[in-house]
Amino acid sequence: MKKNITKNKIKENEEKLYINSGLSRIIDDEIVSFHMPGHKNGKLYEKLGYKEKMEKLYKTDTTEIPGTDNLHSPNDIIKESLQKTEAIFDSGKTYYLINGSTCGIQTAIMSTCNPEDKLIMSRDSHQSAINGCILGDIKPIYIKADVDKKTNIQMGNSFKNIKKAIDENIDSKAILLTYPTYYGVTIDLEKVIKYAHEKNIIVIIDEAHGAHLGLSSKLPKTALSCGADIVIQSTHKTLPAFTQSSMMHISKNAIENNIVNIDRIEKILKMTETSSPSYILMQSLEIAVDIYERYGKELIEELYKNIINFKNELNHYKINIKNKLKNENYKLEEIEFFNIYNKDDFTKIFISSLEVGLTGYELEEILRKNYNIQVELSNYCGVLMISTIGNDTNDFKKMKNALISIYEESNLKGRKKLNAINYPNISPKIIFNPREAFYKEKINVKIEESIGKICGENIVPYPPGVCIIATGEIIQKEIIDYLKYCKKEGMEISGLKDSKFEYIQVIEN
Ligand SMILES: Cc1ncc(COP(=O)(O)O)c(C=O)c1O
């Protein structure tokens with residue numbers, strides 16, 4: 001280091017490392033994490049003795065040289081690592097994905113469907129699936145997805161709607177379903193897969209939120225064990241891998257019976273993934289698998305007990321406070337305690353806040369600002385906690401205490417219950433396929449003037465990160481009303497050129 005760089009100068013330079021110093025501040029705050037990634041600020045690595053290895057990771061950032069193998073044609077250490085993972089996840093073949101599940105979903109779509117082929121997919125599929133249809137010029141056939149009226153939670157697809165889509169589109173090449181949904185909702189996947197296979201349709205499952213399902217019989221069955229052909233998991237979301245590290249599993253059956261074309265999958269992976277895959281991410285995947293195998297079952301049992309206690313304690317509080325307020329002749333209809341929704345996957349906990357007189361956006365902000373707790377997401381009706389084997393008893397205790405004191409404060413402030421707003425669960429009319437629409441000329445029009453026109457962008461409210469209206473679809477008033485209302489309340493919308501949501505791009509027909 002040059003001698004003339006004084007301590008002050010170093011400090012000043014550090015302040016100009018904007019991302020680095022911003023993230024350091026967050027580490028110093030020791031935020032309680034009920035969000036992704038699954039290692040929870042690295043807490044799990046420290047607890048299980050991986051700390052030293054993790055601290056040295058930067059030294060192992062390398063490229064393809066003798067001894068490091070090659071992700072795109074593994075032959076040595078990467079091959080051995082993948083073989084171990086295949087045995088643990090009971091797959092026919094597994095790929096480590098370095099560009100997230102996004103690249104796996106796109107590879108799965110483009111390797112099973114040719115241009116202009118039909119792909120049956122849930123209307124609430126992640127945006128990467130629609131983008132996959134743009135890239136591969138594939139025609140999506142949407143299955144209507146259900147949304148819970150009280151909470152706006154994505155409930156996935158019913159067997160009836162899936163069967164209808166298959167029966168009406170028997171010439172489809174593949175079906176893509178999200179299992180479980182972001183909120184932990186599942187379906188009878190075995191029944192769905194059996195039906196699709198009878199019709200010779202390949203089953204791709206977006207299991208981005210379910211990499212942990214194999215850890216406990218109390219969790220829904222894994223998509224592979226239900227018979228899915230291609231399964232994509234975001235290992236970073238619910239297991240302790242670094243952000244962007246995912247996996248794609250191909251079932252033994254799909255390989256043995258040539259249901260999928262492995263050669264084509266590998267060719268497309270070379271297009272959707274970087275040619276310089278990060279060894280740091282690969283190592284983090286391997287460590288996540290190691291933790292899964294060695295400690296996963298024990299840790300998920302601990303997590304299960306923590307969640308049961310958390311819910312029981314809040315329930316006791318709810319009953320006690322109801323009785324106390326009743327005795328004091330308090331007007332019970334004014335406010336109630338939070339409602340806790342714990343669907344099929346017990347690790348996803350949705351806390352409905354409207355009963356307490358708060359929107360989910362407000363609750364998320366209060367939790368972070370006043371209690372140092374960060375949840376995964378908020379919608380108008382509440383917040384979603386993503387818990388993993390990285391969370392401990394203390395995290396749940398802090399969340400329980402925070403909820404009780406937020407409720408008590410709401411009571412003191414005389415807040416009143418709020419009503420849910422309806423998610424516009426409608427299927428917009430499709431004028432152009434995603435790819436056709438993508439290449440059409442677009443113009444900007446005022447939001448109010450866009451109704452009845454063909455949408456020129458993929459509008460993705462977050463949460464849940466799925467397209468409410470896609471490029472090439474007719475814009476309906478209900479959708480615009482919903483977006484305007486939620487935007488005003490604090491919802492994020494991505495995919496828009498005009499982030500203020502005053503203008504929208506439409507296709508001139
Ligand atoms: C259902 C679903 N599928 C796929 C993805 C994409 O996963 P990744 O971030 O690993 O690319 C997401 C991301 O949030 C998702 O929610």
Side-chain angles (χ1 to χ4, degrees), residues 34-39 94-110 119 121-133 135 140 142-143 145-147 152-157 175-187 189 203-213 220 222-223 228 230-249 268-269 272-274 277-278 281-282 284-285 288 343-345 347-348 350 375-379 384-386 388 458 460-468 492-495:
F34 282 111
H35 60 87
M36 301 164 195
H39 56 74
T94 290
Y95 297 92
Y96 288 160
L97 304 174
I98 298 309
N99 288 5
S101 290
T102 296
C103 77
I105 289 169
Q106 292 171 350
T107 302
I109 291 176
M110 288 190 280
L119 167 72
M121 60 189 252
S122 174
R123 177 65 208 183
D124 70 359
S125 293
H126 184 254
Q127 46 185 313
S128 57
I130 295 188
N131 290 335
C133 292
L135 292 170
Y142 294 118
I143 316 165
D146 297 325
V147 177
N152 282 356
I153 286 179
Q154 306 281 318
M155 301 296 285
N157 315 99
I175 180 168
L176 166 71
L177 297 172
T178 308
Y179 168 99
T181 69
Y182 214 141
Y183 302 88
V185 181
T186 55
I187 39 166
L189 194 57
V203 180
I204 306 167
I205 298 297
D206 173 352
E207 205 174 35
H209 296 282
H212 62 296
L213 293 186
T222 67
I230 307 181
V231 178
I232 302 107
Q233 301 175 327
S234 290
T235 322
H236 65 99
K237 295 192 199 297
T238 61
L239 288 177
F242 288 173
T243 298
Q244 215 176 305
S245 327
S246 293
M247 290 191 212
M248 178 161 67
H249 306 291
I268 297 178
L269 270 179
T272 55
E273 275 192 308
T274 169
S278 158
L281 296 188
M282 280 185 251
S284 105
L285 275 168
K343 300 283 180 186
D344 311 321
D345 170 2
T347 67
K348 313 282 176 1
F350 186 83
V375 290
E376 170 65 18
L377 59 84
S378 52
N379 67 15
L384 178 70
M385 295 163 65
I386 290 199
T388 70
N458 288 340
V460 186
Y462 182 83
V466 301
C467 265
I468 195 165
E492 277 176 47
I493 306 177
S494 71

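Computation of the quantities below employed the complete heavy-atom set of this structure, encompassing side-chain atoms and omitting hydrogens, waters and symmetry-equivalent molecules. We count ligands from 1, going down the list as the structure has it; atoms in each ligand are counted the same way.
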Find all atoms of ligand 1 within a distance of less than 4.0 Å from any non-hydrogen atom belonging to [X], and give their numbers and elements.
| X | answer |
| --- | --- |
| H209 | 1 (C), 2 (C), 15 (C), 16 (O) |
| G100 | 10 (O), 11 (O) |
| S234 | 7 (O), 8 (P), 10 (O) |
| A208 | 2 (C), 3 (N), 4 (C) |
| T178 | 1 (C) |
| S246 | 10 (O) |

Contact between ligand 1 and K237 is defined here as a heavy atom of the residue under 4.0 Å from a ligand atom; is it met? yes
Does any N or O of ligand 1 fall below 3.5 Å from an N or O anywhere on [X], backbone included?
| X | value |
| --- | --- |
| N99 | no |
| H236 | yes |
| S128 | no |

For a side-chain contact (heavy atoms from CB on, under 4.5 Å) with M121, tell me which candidate from D206, I130, I175 qualifies. I130
So which bit of S101 gets within less than 4.0 Å of ligand 1, heavy atoms only: side chain, backbone, both or neither? both
Check whether the ring centres of H249 and Y95 lie less than 6.0 Å apart, and answer yes or no. no
Hey, does L377 have a side-chain heavy atom less than 4.5 Å from the side chain of Y182? yes
Is the shortest heavy-atom distance from the side chain of I232 to the side chain of M247 under 4.5 Å? no
Out of I105, L97, T102, whose heavy atom is nearest to atom 11 (O) of ligand 1? T102
Correct closest heavy-atom pair for T181 and H209 would be O-CB, 4.1 Å
If the condition is side-chain hydrogen bond (donor to acceptor under 3.5 Å, both in side chains), which residues does S278 pass it with, not counting sequence neighbours? none
Answer yes or no: is there a donor N or O on one side and an acceptor on the other, between the side chain of Q233 and the main chain of A208, under 3.5 Å? no
T272 side chain to I268 main-chain N or O, any donor-acceptor pair under 3.5 Å? yes
